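Structure first, then comments.
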Amino acid sequence: MDGINAKYVSKKISKTRWRPVSSSSLQQPDIFATGSWDNEDNSISIWSIGENGVSSMDDEFEGDPQLLCEYKHNGDVLDLQFLDQDRIVTASSTGAVTIFRHHHNSQTLSVSQLWERAHHYPCNNAPCTGVVCNSPEIVTVGEDGRIMLFRADQEGVLRTIEMADSSAIHAVTFLRTTEILTVNSIGQLKLWDFRQPGNEPSQILSLTGDRVPLHCVDRHPNQQHIVATGGQDGMLCIWDVRQGNMPISLMEAHTSEMWEVHFHPSNPGHLFSCSEDGSLLHWETSSNTDTPSLQGGRNTSIISRSAIAPAGGNQSLINAWLTGDSSKGHLETTHMLPSQMLSVNSLDVLGQCLVCGTDGEAIYVNRYVPI
Amino acid sequence: MEEVDVEPTTTPIPGFDSNQKHLGFVWGPGDILVYETIYKASGGCPFVHEVRKDEDIYSPILRKLFNESHHIFVGLQRIREDLPSKNKKPQFVSISKNYRSVIRACMEELQQVAGIVYVYHVSSCIITLELIWNLCEVLFIDAAPAGSLVLHLLDWVRLHKADVDEKAREVLASESPAEHQAYWDVVISYVLQGRMDEARQVLVKQAALQPAARVMFKLLDNLLMKMPIFNPGETQTLTEFDVKWRHWREEVDHCLQDQSFASNRHLEDICKILVGDEDVLLEYKELLSTWYHFLVTRLLFSHPTVKPTELHYYAQSSMHMFLDTRSVPEPLDSILLAAFEFDIHQVIKDCSIALNNWWFVGHLTDLLDHCKLLQSHNLHFGSNLREFLLLEYASGLFTHHSLWQLAVDYFDHCPEFGRVYLELQIERVPLDTERKALKVIRICEQRQMTEQVRSICKIMAKKALRNNRLGSALSWSIRAKDAAFATLISERFLQDYCAKGTFSDLDLIDNLGPAMLLSDRLTFLGKYREFHRLYGEKRFSDAAKLLLSLMTAKIAPHSFWMTLLTDALPLLEQKEVIFSADQTHELMFCLEELTSGKSVPTPDRPMQVLGYTPPYPLSNVCFPFNLLIHCFIICSNLYSCLARG
């Protein structure tokens, strides 16, 4: 846990995201955006941890995030994504979807595009709960059970899937360029194919037991059929969307709601999850059992249950996520934050850097994540 | 009722004319709502004013103070009780230092924000807070004994009189330091603060300029160097130190008597200070600037082995000597005096009155309580002082739109009334989004507040129902295990079905899973949908069995039986026999039971759903005839059954 310091920012942080770095450069990310919630004046802010910010001779402040610019945001920021190097899309609790532009020269933010009532009920607004982009397309989901498809720089709506869900949709992710996956508050994963007309999902997956609301979903960076979800009971589920409608493995992770789960984009053997119980876990798989993989911090033993054995287990493609069992592969979790914290609402990881935001109005940045 | 300690402050309401109108008011949790009224039905004023006592929680810089101190507070509560208090003292001191560093960080940030009057005022308040806390740490928590006491007090004073170093830097950076205007001020300030090494370093500059007086400077330098400082780590006892110190003092006194420094007034003054000459000390009032600096310097040079119990005597006399008798003592002075008198309760009381926010007294009292320094002092309202202050602080936090989450932990650690307060307050948190509602519910569930969970889930479910989000409503009722609401939702579904002839939200009903068992009506809904699915897949015998079981197992509500019996018609009309003899008997039995009942509803749902068009318009025919037709059909089925044996 060395190298992780709290930066108190006087607003509860709901989302943190690194600005993408071009895949060719080996640079570590240095700019991130945060969104706040539950404040009378919410805002999105851009921070820097690199040399862009105030240079300081003092080692202590080297990693301290410096605020570059800030902009007022109507409603809670329920989701935030970088569309490209300059633009950020946010989902608001007022049902609006906004694109902000970050001007590097003047270090200011401005609103570039706004869809005000993207998500609504017949009489009032419905919070927009998730946004995901594949530039220039933007997909948003909300508590009204709608899926909206927009295109940046185009005014209207590209496509609406009405009544996609009778309950609130909590998160969305791209599976392929034309397919998305949503999770909702009755514990279902739904696959949607944009090439098909109509308002029906192409597939529905869910657990047979108690229908626990799911809050987050993330796709494996290399294998498009593997997704991880987390929900109200804090269990981490790994699914294979090709086969059946049952998760491949279930692992007890947290003691309350898991808010975000992320595969590491370049090292998918690592997974990160954060939760209402104030913990941020770093999951690490390694195929050989004799690697000493103790990082700093506390280790916890995981109870994992394999729901089904993976079909056609090809040893050379051993994906330890599919087994989740310490006998076949080695699965290690580490707590990355000090204990006794309020809820960790969001995390993002890129390269060796991890940033997360909490309800304790603090941001934590770790620049030396062991991966 | 007790007497009021200070005059209450008045807050003018803008735009209010007290000659014309009266002021009505109502108390809120942390504020008051006031409105003008003339006690008549019409002609009132449209404004309602909100009067807040505490503006500080809305300052973005001070918010960091609340968040960071919350973290420290929670850590303090979790220190294990079973450790003996001797081992805990260093821990408590370190926690006290943590609190202070948080205050200092806040102070520094405020000082960087330039030019705003309010900020300046708050910033100077914060400095005072740190001063008081530091003194409390030295006297109460660290509880330094005689000998170390003076050293700790010296540290305390040095920390709060940092301008000496700035002045010194300025002087030393100038071309000719010894001739700088502030040169002697710097030297004397160092001596007053007991920083002999620094004083000597600066004196050397002067000595270089006056080679003729070299002997004199050497002598003073020697005296300054030899001044004994009590070292608690060494094996030297207090008595030994006292002897050494008196010996040294005699030597200084001797030099004074000898007139060794008569030619240089400044050097002579320094010498007089070293023997603790109070008149000379008072001449340098400006450099001392506060009576407590005067007190500590006096102690350093006259009574370095002062015991904690003797402090108050010197404190009072120092204050009287230093301040004009005419000037009114400020709140800070009485607080510090109370601290020197070791009257913790008076300190807390005075701080509570002087500050507009319970943050300081709440945290300080809590820490002192952990150090077992507060006698259990029962207040009129039943709880002890620590709990009272924490409850007040946390209630204030709860009025804030965002900081309410911190307050929850404070309530948790108030054993007597914390839970009750939390139960009352948590229901008032506004729930705009599902995510916020989930967090509030999680807080309630962790504390087994089932009533609150149920009520919040009901609010969210009703909201969802109003917006026609039946799936969301159902998921909230499942969370609350609210069977009654689940029944309500199923009724809505069934009503929709009767009205439109199709089920809405099939993705929900088809995938109910074990949640189906939450309420009978919900189970019926799921099974009824399953019947339709089976019929659609042409698995008639399974469909028939299910339909019958719905009636015989009494899962179906009576109001729906007619619909179910009508659903049986197409199955009866099929070419092959679907219902067995026994099943047909049961069907007839159900029919009989239905007709014998007091009120029998009529089916009004179009039959096209099942792809069955009756040879006559069923809906227009009066009811008894309907039944007759049914009986006929059932009997004919029975006959064909019997015919086949």
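Small disclaimer: the values here were computed from a predicted structure and weren't measured.
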In terms of ring plane angle, is the pair [X] and [Y] parallel, tilted or perpendicular, where the classes change at 30° and 60°?
{"X": "B/Tyr393", "Y": "B/Phe66", "result": "tilted"}
{"X": "B/Phe73", "Y": "B/Tyr410", "result": "tilted"}
{"X": "B/Tyr528", "Y": "B/His532", "result": "perpendicular"}

- Find out whether A/Ser256 and B/Gln446 are in side-chain contact, i.e. whether some heavy atom of one side chain is under 4.5 Å from a heavy atom of the other.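 Result yes, sub-4.5 Å side-chain heavy-atom pair found.
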
- Task: Compute both the distance and the angle, then confirm whether B/Arg435 meets the cation-pi test with A/Trp259: under 6.0 Å from the six-membered ring centre, within 45 degrees of the axis.
- Result: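 The answer is yes; both the distance and angle limits are met.
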
Answer with side chain, backbone, both or neither: which region of [X] has an atom nearer than 4.5 Å to a non-hydrogen atom of chain B?
{"X": "A/Thr129", "value": "neither"}
{"X": "A/Glu143", "value": "both"}
{"X": "A/Pro127", "value": "side chain"}
{"X": "A/Asn124", "value": "side chain"}
{"X": "A/Gln232", "value": "both"}
{"X": "A/Asp76", "value": "side chain"}

- Message: For B/Lys64, give me all partners under side chain to side chain contact (heavy atoms under 4.5 Å, CB included), at least two apart in sequence or on another chain.
- Response: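 Partners of B/Lys64 by the side chain to side chain contact (heavy atoms under 4.5 Å, CB included) criterion, ordered by chain and then number, come out as A/Tyr8, A/Ser10, B/Glu109.
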
- Message: What residues of residues 460-469 of chain B make heavy-atom contacts with chain A at a cutoff under 4.5 angstrom?
- Response: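 The residues closer than 4.5 Å to chain A, in numerical order, are B/Asn467, B/Arg469.
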
- B/Leu438 versus chain A, heavy atoms under 4.5 Å apart: side chain, backbone, both or neither?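 Contact with chain A is through both the backbone and side chain of B/Leu438.
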
- Item | Check ion pair A/Lys11-A/Glu70 (N to O, under 4.0 angstrom) |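 So A/Lys11 pairs with A/Glu70 through a salt bridge.
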
- Between A/Thr16 and A/Thr34, is there a donor-acceptor pair closer than 3.5 Å when you use the side chain of the first and the backbone of the second?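 No.
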
- Task: Ignoring hydrogens and angles, tell me if any N or O in the side chain of A/Thr160 forms a donor-acceptor pair with the backbone of A/Glu162 under 3.5 Å.
- Result: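 Not at all, since once roles are kept as given, no pair shorter than 3.5 Å links the two residues.
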
